[in-house]
Each structure stands twice: as structure tokens, then as C-alpha cells.
Amino acid sequence: MVGPRGKIGGRFMPEALMAALAELTEAYHKSKNDPEFQAELTHLLRSYANRPSLLSEAHRLSEHAGARILLKREDLNHTGSHKINNVLGQALLTKRMGKRRVIAETGAGQHGVASATAAALFDLECVVYMGEEDTERQALNVARMRMLGAEVVPVAAGSRTLKDAINEAIRDWVTNVEHTNYLFGTAAGPHPFPSMVRDFARIIGVEARAQILELTGALPDAVAACVGGGSNAIGAFHAFVPDEDVRLYGFEAGGSGLETGLHAASITGGALGVLHGARTYILQDEFGQTLPSHSISAGLDYPGVGPEHAYLHDTGRAVYEPVTDAEAMEAFRLLCRTEGIIPAIESAHAVAGALRIAPKLREELGREPVILVNLSGRGDKDMHTAAAYFSDEVALDKHSGTEA
Amino acid sequence: MSKLSDVLAAAKAEDRAALIGYLPAGYPSVDGSIAALRAMIEGGVDIVEVGLPYSDPQMDGPVIQKAVQAALDAGVTTLDVLRVVEGAAATGAPTLVMSYWNPIERFGVDRFAAELSAAGGAGTILPDLIPEEADEWIAAADAHGLDRVFLVAQTSTSERIALTTDVCRGFVYAASLMGVTGTREAVSGSAKDLVARTREQTGLPVCVGLGVSNGVQAAEVAAFADGVIVGSAFVRRLIEAPDEAAGLAGVRALAEELAEAVRKGRR
């Protein structure tokens with residue numbers, strides 16, 4: 001389905017942007033049905049982004065989990081995450097629309113790096129808005145974006161994170177809409193972004209579905225993905241939505257735990273409301289003010305979620321659960337040590353979730369379940385955070401040792 | 001006829017544009033914002049817009065963002081906003097609330113309309129609510145006798161201008177330039193064109209906002225629009241003042257300058 005679904009989704013945006021949203025919707029619909037556009041995009045994805053991405057059997061992790069775990073390796077894409085799929089599609093659209101400048105927002109920097117990359121490839125001017133706090137915790141990606149020729153604008157307003165970077169990007173778009181296209185980084189925002197980003201990301205699930213059928217002769221029992229805004233998750237889920245026997249699990253950033261209020265779990269810990277142009281689940285107080293989100297992962301640190309996920313949640317087709325920072329970091333280390341793969345901390349949330357659902361599924365099915373985990377990105381950008389986290393833990397261990 | 005329509009009609013009868021001033025509720029304090037709105041009205045503003053402070057004001061530039069963030073940090077809520085409306089409306093000037101949509105939805109659409117009406121408010125301006133998403137608000141505003149102002153922009157097609165003016169009541173807000181709130185050195189030339197295109201679709205007054213900050217610009221806009229809307233320039237007077245009394249004097253002085261200007265516009 002395309003567009004808003006009942007009360008979910010929609011367009012809550014300044015009138016000044018309606019023409020641009022209409023233009024974008026038209027360009028997106030045309031491109032969807034244009035074999036030439038699709039062929040060009042497919043060629044780019046294969047010859048530039050390194051698709052199809054591998055499906056890796058995670059033998060040692062599987063032993064740990066008591067489930068057969070297969071990893072969809074979006075971390076092996078050019079620029080190191082699933083974001084390149086969406087960005088190549090949107091950049092190609094920008095060219096077709098005759099615009100010469102792109103803007104983007106980024107949290108962890110994955111979408112910013114992908115946007116800067118596509119802008120360089122397509123010779124477009126590129127400005128990336130990034131919360132000041134995120135520019136500090138993701139300094140490496142800031143350097144990468146600048147190296148690629150993009151201007152990175154730190155946003156000091158509000159919570160100084162992704163949410164405020166989106167506000168600033170929207171302000172830029174209102175001002176420069178004539179020649180500027182907004183490369184939205186996740187499956188959120190006003191229509192058509194949620195459907196469009198889903199369609200550019202759906203290649204993840206399309207490939208994975210074929211690969212897993214070829215490898216195992218059957219569909220997986222479950223698909224697990226992390227959910228911030230939810231672009232990698234909707235991309236992984238979409239091809240499986242009609243397969244009713246395949247359970248879909250979205251793992252949100254539980255931060256320090258839902259009960260502490262320090263989290264970014266918009267579906268499990270939020271309420272329906274309007275943010276960034278769409279009605280969806282958001283973290284908000286009793287007066288509708290957006291609450292600050294918290295996650296160890298900058299990429300999941302967002303107080304909203306894509307409306308398609310709100311819809312899958314409301315209809316019960318997908319299950320959403322929070323994974324805490326601690327659980328995610330434990331899974332992060334486990335994947336490093338068992339498979340030699342350093343995942344993005346975002347993706348570690350999906351790994352942790354898979355470990356959690358494995359015993360439940362085994363019991364329910366009476367056999368070893370097969371779980372597809374979308375490894376949405378690689379962890380290079382997170383090494384600083386991980387090193388700090390684990391050294392703190394060592395310090396705490398030592399501390400509690402002396403206490404005892 | 002609503003109080004808002006009456007005031008716009010009275011300005012028209014004087015062959016001048018109406019002057020509309022914006023200030024956020026709760027800045028520099030709840031009582032301070034009531035005092036500032038009153039100073040604005042005493043200075044000659046015909047209609048006031050009370051801003052509802054919101055965490056994610058996408059249409060606002062740095063000046064208004066700063067004031068609104070300070071109000072939120074001080075704990076200002078929708079209930080305080082309604083108190084500010086009451087304080088401003090008590091002067092007799094039509095008082096509109098300018099708000100992003102989510103705080104109203106969260107408060108309860110009908111409850112907000114009822115309490116705004118009870119506070120003496122005249123209606124709303126909702127910059128991120130387009131007619132297609134506005135059914136619930138239109139019903140609630142109708143039920144409680146509130147005016148509802150929607151926005152048209154330079155990029156609006158004639159179809160969209162018609163769609164928007166159809167659901168407007170009170171006046172139509174013409175966003176004079178592409179961009180966010182804030183003062184500009186020059187008022188965009190295409191504002192005049194937008195007003196003309198809007199008048200082709202509606203008999204409602206068309207008021208122009210975004211970018212007007214001084215008497216010269218206000219007179220320029222007053223020559224072709226039914227109303228001139230000024231926001232950031234007022235907020236800046238409060239932000240840059242050394243103390244509250246100086247801020248109020250600054251607001252009053254600017255209102256006087258602008259009120260004189262809208263009377264000169266058509267001479």
C-alpha cells in the first residue's frame with residue numbers, strides 16, 4: 001500500500017512544502033514504474049554498492065543461541081550500511097527532477113556518509129545536518145562526510161541529536177525547495193518518504209528471501225531487525241509481510257530500560273502523535289512535547305518511528321520489543337568474538353533480540369528455529385563508544401571487586 | 001461575524017491594513033508574556049497571535065526558537081498558554097493561538113477548542129496542519145465558534161489555494177517568502193503576487209507574514225495586503241532588552257512604529 005493508512009502517516013508539514021512533496025511523489029511513482037530507472041538503480045546497486053549483499057551462516061553464534069542464525073550482511077555494502085540503497089535511489093530521483101543540491105540529516109552518520117557519497121558520485125551539492133552531540137560521538141563519520149565534499153552543519157538546538165537535525169533540514173528545505181531535494185534517511189516523515197524509503201530499502205528483504213530459500217529450502221521462522229526510524233527493518237520485513245508464517249520482530253532501543261524513561265523505544269514506550277510530518281508512535285509528554293530519547297546507539301536515538309512500523313504494530317503483523325543498551329552491548333561483544341564481525345551498535349540490538357526470541361521460538365516450534373537477522377551496518381564508527389563502554393565495565397568490575 | 005472579522009473590516013473601512021503581532025506565551029515568563037502582549041496592543045497592534053511553545057518548531061527561525069525553548073525550559077504548558085490568551089483577550093483585541101499540531105492533538109482536539117473559546121480566544125493559526133489533515137480541527141473549531149486561519153505559500157498551486165481558502169475563516173495567512181520566521185532585509189516581491197492569486201479564490205482578507213520587521217517593510221506590505229503580520233521583530237525586542245521593563249518599552253515602540261506604517265501604506 002502507498003501513502004497514509006487511516007490515521008497513521010499523512011502529511012503534517014508547512015504548506016510551502018506541499019508542492020515539493022507533490023513533485024517528489026510524482027517522480028517517485030514514475031520511477032517505480034519506469035524500467036529504465038529501475039535498471040539504472042539495479043546497475044548502480046550491483047556495480048557500486050556491492051549488492052547483492054551476502055547471507056552469512058553464523059555457526060558459532062547459532063550454537064550460542066540455540067537457533068540457526070543467518071545474517072544479512074548489509075554491513076558489507078559500500079559505505080558500510082543499508083543506507084546506501086535508499087540514498088542511491090533518492091539521488092537518482094534528484095537528478096531526474098533536475099535539482100542540483102541535496103540536504104540530509106544524520107544521527108550516527110551512516111546516512112550522512114551515504115548521502116555525501118551519492119552526492120559526490122552524482123555531482124550534487126550536499127549539506128548534512130547533524131546534532132552537535134552526535135558530531136562529537138561520531139567524529140569519524142563527520143570527517144568522512146567532509147572528505148567526500150559535503151558540508152556538515154552541527155545543530156545546537158533542542159536535544160542536539162537526530163530529531164533536531166531533522167527540524168533544521170526541514171527549515172533548509174522550506175527555504176531552498178526550488179533547487180534542493182531532501183534525502184530523508186529513514187522510513188519516517190511525511191508522505192511519500194515512508195513508502196519511498198521502504199521501496200528503496202526493500203531490496204534487503206527481497207534478496208534475503210531468495211537467498212534463504214536457496215540455502216535452506218524454506219522461509220525463515222523469524223526476521224529480526226533493529227528499529228530507530230526503521231528503514232533497515234522495513235526493508236528487511238517488507239518482502240516477508242505476505243508470508244504469514246514468518247514472524248517479524250523489530251527491536252527498539254530500550255536504553256537504560258523502559259522504566260527509567262531513558263530510552264528511544266517509540267512503539268513500546270511512546271504514544272500516537274505527530275512528529276516530523278507524520279502521525280506515528282512518538283515519545284511525548286502529556287502536553288505533546290517531544291521527550292528526549294536515549295540510546296547508546298546514535299543511529300537509534302530518535303523519539304519517533306516510521307509510520308509503516310506503527311501500522312505493522314497496530315495490526316499485529318510485527319512484534320516490537322525494547323532491547324537495552326546493556327543487552328545490545330553484550331550481543332555486540334558476542335558477535336565480535338563468535339563470528340569475527342564487529343556490528344554497528346544499532347545492528348547489535350537485532351542480534352540481542354534474536355538471542356532473546358530463540359528459546360521461545362524453539363519451544364513453540366518444537367525444533368531449532370531459523371532466524372534471519374538483518375545486520376544493518378558495520379561497527380567501525382562505534383569503536384570509540386564500544387571501547388569506552390567496555391573499559392567502564394572493566395573499571396566497574398574492578399571497583400566492585402575491591403568493594404567485596 | 002466574529003470579533004476577528006470585525007476588526008479586519010474596521011481596518012478596511014479606514015482604508016488601511018490591520019496590524020497583527022506575534023509573541024510566544026511564557027517568554028520571558030507567563031505574566032511577562034501577558035504584559036508584552038498588552039504593550040503590543042497598547043502600541044497599536046489590532047490582532048495578536050499567542051505562540052504555543054513547542055519542542056520541534058520547524059517553521060521558526062533562531063529568534064523565536066530561542067524564546068520558545070526558554071519558555072519550555074521554564075516549564076510552560078498548554079494550560080499556561082490558555083492563561084496568556086485570557087490575559088490578552090481581556091483587552092478586547094482578537095487573540096489567536098499559533099501552534100504546531102501535536103500539542104493540540106495531545107491536549108484533546110475538542111478540549112482545546114472548548115478551553116480556547118472559554119479563555120476568550122478568537123481562533124488558531126496552525127502552520128503544520130494542511131486542509132487534508134484538518135477535518136477534526138474544523139469540526140471542533142465550528143463547534144466552539146473559533147476562527148481558523150490556514151496558510152498559503154508562494155509554491156501553492158491555484159488548486160491548493162482554493163482548497164485552503166475554502167476551510168479558512170477569519171483571514172488567510174500568506175507566507176510571503178520561502179523560509180522560516182525571522183527578519184529579512186527586504187520583503188519578497190512575490191508576496192504581492194501571492195496576495196493577488198489568493199484574492200482570485202476568496203473574498204476573505206489576506207494577511208502577509210514572514211520577514212516583516214520594520215515600518216518601511218510594513219508600509220510596503222500594507223499597500224497590497226489586508227493585514228501585516230510581525231513576529232520575530234517583536235520577540236527580538238524582548239530577547240535583546242536588558243530587563244523586562246525595557247523589553248516592554250521596546251515592544252510598545254515597535255508596535256507604534258508599525259501601526260503608523262500600516263496607516264501610511266496606501267497613501
Side-chain angles (χ1 to χ4, degrees), chain A residues 3-4 7 9-23 155-160 162-180 189-191 270-280 282-292 303-304, chain B residues 52-62 65-66 68-69 72-73 75-81 99-108 112 126-134 136 150-157 159-161 163-164 172-182 210:
Chain A
K7 287 199 68 143
R11 268 185 192 165
F12 295 84
M13 287 299 248
E15 172 63 25
L17 290 174
M18 288 306 135
L21 290 170
E23 182 190 8
V155 177
S159 60
R160 304 160 69 232
L162 179 57
K163 154 181 108 68
D164 307 285
I166 294 178
N167 292 335
E168 208 54 47
I170 291 171
R171 292 187 188 106
D172 180 315
W173 201 27
V174 172
T175 311
N176 300 300
V177 66
E178 201 182 320
H179 59 275
T180 297
H191 177 65
L272 274 180
V274 170
L275 179 66
H276 296 145
R279 186 181 286 106
T280 184
I282 58 177
L283 303 182
Q284 57 177 325
D285 70 12
E286 60 173 317
F287 291 106
Q289 305 290 345
T290 310
L291 289 171
Chain B
L52 190 151
Y54 178 51
S55 52
D56 296 87
Q58 291 156 1
M59 276 290 284
D60 289 310
Q65 275 187 66
K66 190 176 174 185
V68 156
Q69 190 59 49
L72 287 173
D73 291 346
V76 168
T77 71
T78 307
L79 297 169
D80 297 313
V81 175
S99 178
Y100 293 87
W101 179 242
N102 196 54
I104 293 178
E105 183 162 299
R106 186 68 169 169
F107 193 76
F112 183 79
L126 308 169
D128 64 345
L129 191 72
I130 56 168
E132 291 94 323
E133 306 284 1
E136 214 181 340
F150 288 84
L151 279 72
V152 293
Q154 283 172 33
T155 48
S156 303
T157 57
E159 291 76 25
R160 287 204 61 83
I161 292 177
L163 180 76
T164 306
V172 184
Y173 190 128
S176 69
L177 44 76
M178 296 305 292
V180 295
T181 60
L210 297 189

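Keep in mind it's a predicted model, so treat the numbers as computed, not measured. In the text below, chain A, chain B and the rest are named by the order of the sequence lines, each starting its count at 1.
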Applying a strict 4.5 Å limit to non-hydrogen atoms, the region of A/E178 in contact with chain B is neither

Heaviest contributor of heavy-atom pairs below 4.5 Å to chain B, chosen from A/A157, A/G277, A/G273, is A/G273

The reported gap from NZ in A/K163 to OG in B/S55 (rounded to nearest 0.5 angstrom) is 4.5 Å

When the 4.5 angstrom heavy-atom criterion is applied to B/P57 and chain A, the contacting part is both

Applying a strict 4.5 Å limit to non-hydrogen atoms, the region of B/E136 in contact with chain A is side chain

Next item on the list: Give the ring-plane orientation class for A/F287 versus B/F107, where under 30° counts as parallel, over 60° as perpendicular and anything between as tilted.
Entry: parallel

Under 4.5 Å to a heavy atom of chain A? For B/T157 that would be neither

Any side-chain heavy-atom pair of B/T155 and A/E15 under 4.5 Å:
no

So, the part of A/I282 with a heavy atom under 4.5 Å from chain B: the answer is side chain

Whatever's closer than 4.5 Å to a heavy atom in chain A on B/L126 counts as neither

Q. Can you find a pair of side-chain heavy atoms, one from A/L275 and one from A/T280, that are under 4.5 Å apart?
A. no

In terms of heavy-atom pairs under 4.5 Å with chain B, the winner among A/P190, A/G288, A/A169 is A/G288

Is the closest side-chain donor-acceptor distance between B/Q58 and B/D128 under 3.5 Å?
no

Note: vs chain A, highest number of non-hydrogen pairs under 4.5 angstrom among B/L79, B/L129, B/T77 is B/T77

So CD of B/Q65 and CG of B/D56: to nearest 0.5 Å the spacing works out to 9.5 Å

So that I can tick it off, tell me whether A/R279 and B/E105 are bridged by a salt bridge, with the cut-off set at under 4.0 angstrom between side-chain N and carboxylate O.
yes

